Amino acid sequence: MTDGPLSLPARLCLLAWDSAPPAAAGTGHLAGLVRAGALTELAQRGLLTDEDGIATPVDLDARAGDAVLDGLLELVHESCPHSWRTWVTLRARVTLDAVREQLVAGGYLRAEKKRVLGVVPLRRLRTGARRRRGRAA
């Protein structure tokens, strides 16, 4: 993640963040929300266009400069053509997981690892204070 402002999908993920377990928090639509934000940002940057309702990459060599957005752009490029609506839900969890990893790497979320019954690994994400250069936030 760059030191600049967060991407739209990262900001949406943080805004919709609830530390309760997904079943209790009702966050079943978070993956679609984050994917829609990523598609929106790619369209706003001019990297995706609409051709008869189909999300289409403008330039096959273009990059967004953000790992999550570049990954989605590559996925759209390598897949068969789909409508925007399909792209919001099709493997949206991949984008959500990538955004979460990006937020952990940037210090916006903390990953806590423990084991259930001493055997099953469990990873819980919590909001964390992001450290700024020279001082703690």
Side-chain angles (χ1 to χ4, degrees):
M1 177 175 277
T2 63
D3 286 333
L6 292 172
S7 65
L8 180 58
R11 287 182 293 178
L12 288 171
C13 186
L14 286 175
L15 284 170
W17 188 259
D18 190 343
S19 60
T27 57
H29 300 291
L30 183 58
L33 173 71
V34 169
R35 173 62 70 84
L39 290 167
T40 300
E41 184 155 341
L42 288 172
Q44 287 177 339
R45 292 183 182 196
L47 299 171
L48 282 180
T49 60
D50 182 79
E51 291 185 10
D52 298 323
I54 304 295
T56 308
V58 173
D59 183 6
L60 303 180
D61 296 326
R63 295 283 168 245
D66 180 275
V68 173
L69 297 176
D70 287 339
L72 179 56
L73 190 59
E74 184 177 331
L75 182 64
V76 172
H77 168 65
E78 292 177 350
S79 301
C80 62
H82 292 291
S83 68
W84 293 93
R85 179 180 290 194
T86 301
W87 275 119
V88 168
T89 58
L90 184 68
R91 293 179 285 205
R93 183 69 187 215
V94 173
T95 302
L96 176 60
D97 290 342
V99 167
R100 285 179 173 169
E101 291 302 319
Q102 198 176 54
L103 290 171
V104 167
Y108 295 95
L109 295 177
R110 271 183 325 201
E112 296 177 352
K113 297 178 183 178
K114 60 182 180 179
R115 294 193 176 268
V116 176
L117 300 174
V119 180
V120 180
L122 175 69
R123 182 173 174 225
R124 179 171 288 169
L125 297 174
R126 299 200 185 271
T127 56
R130 179 158 196 249
R131 295 185 146 211
R132 298 187 188 257
R133 291 183 185 153
R135 62 185 173 109

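In what follows, every heavy atom counts, from backbone to side chain, and hydrogens, waters and symmetry copies are set aside. All values derive from a computational prediction rather than experimental measurement. Throughout, numbering of the chain's residues begins at 1 and tracks the sequence.
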Q: Can you name the residues that form a side chain to side chain contact (heavy atoms under 4.5 Å, CB included) with D50, not counting sequence neighbours?
A: W84
Q: Should E41 and V68 be marked as a side chain to side chain contact (heavy atoms under 4.5 Å, CB included) after you check the CA-CA gap, both sets of side-chain angles, and the distance that decides it?
A: CA-CA 11 Å; E41 184 155 341; V68 173; over 6 Å; no
Q: Does R63 CZ have over 12 foreign heavy atoms under 6.0 Å away?
A: yes
Q: Look at the side-chain heavy atoms of Ile, Leu, Val, Met, Phe, Trp and Tyr, link any pair under 4.5 Å apart, and say whether V99 and L75 land in one connected group.
A: no
Q: Got a sec, which residues hit side chain to side chain contact (heavy atoms under 4.5 Å, CB included) with D61, two or more places apart in sequence or on another chain?
A: D59
Q: When rounded to the nearest 0.5 angstrom, what is the spacing between CG in L47 and CG in L69?
A: 8.5 Å
Q: Can you give me the closest heavy-atom contact between A55 and V76, atom names plus distance?
A: O-CG1, 3.9 Å
Q: Do you reckon L6 sits in the same ILVMFWY cluster as L72, going by side-chain contacts under 4.5 Å, direct or chained?
A: no
Q: If the condition is side chain to side chain contact (heavy atoms under 4.5 Å, CB included), which residues does A92 pass it with, not counting sequence neighbours?
A: A31, R35
Q: Could you measure the distance from the CD atom of Q102 to the CG atom of L109? Nearest 0.5 Å is fine.
A: 11.0 Å
Q: Taking only residues two or more places apart in sequence, or in another chain, which ones meet H82 in a ring-ring contact (aromatic ring centres under 6.0 Å, His included)?
A: W87
Q: By the definition side chain to side chain contact (heavy atoms under 4.5 Å, CB included), identify the one residue from T95, L8, L73, L48 that meets it with L39.
A: L48
Q: Looking at residues at least two apart in the chain, or sitting in another chain, which of them share a side-chain hydrogen bond (donor to acceptor under 3.5 Å, both in side chains) with R93?
A: D97
Q: Quick one: pull up CG in L14 and CZ in R100 and give me the separation to the nearest 0.5 Å.
A: 11.0 Å
Q: Can you name the nearest heavy-atom pair linking A64 to L42, along with the distance?
A: CB-CD2, 4.2 Å
Q: Is there a side-chain contact between L103 and C13 (heavy atoms, below 4.5 Å)?
A: yes
Q: For the hydrophobic clusters of this structure (ILVMFWY residues joined by side-chain heavy atoms under 4.5 Å, transitively), does one cluster hold both V34 and L90?
A: no
Q: Among residues at least two apart in sequence or on other chains, which ones pass side chain to side chain contact (heavy atoms under 4.5 Å, CB included) with T89?
A: none
Q: Would you please test L33 and L96 for side chain to side chain contact (heavy atoms under 4.5 Å, CB included) and show each step?
A: CA-CA 9 Å; L33 173 71; L96 176 60; over 6 Å; no
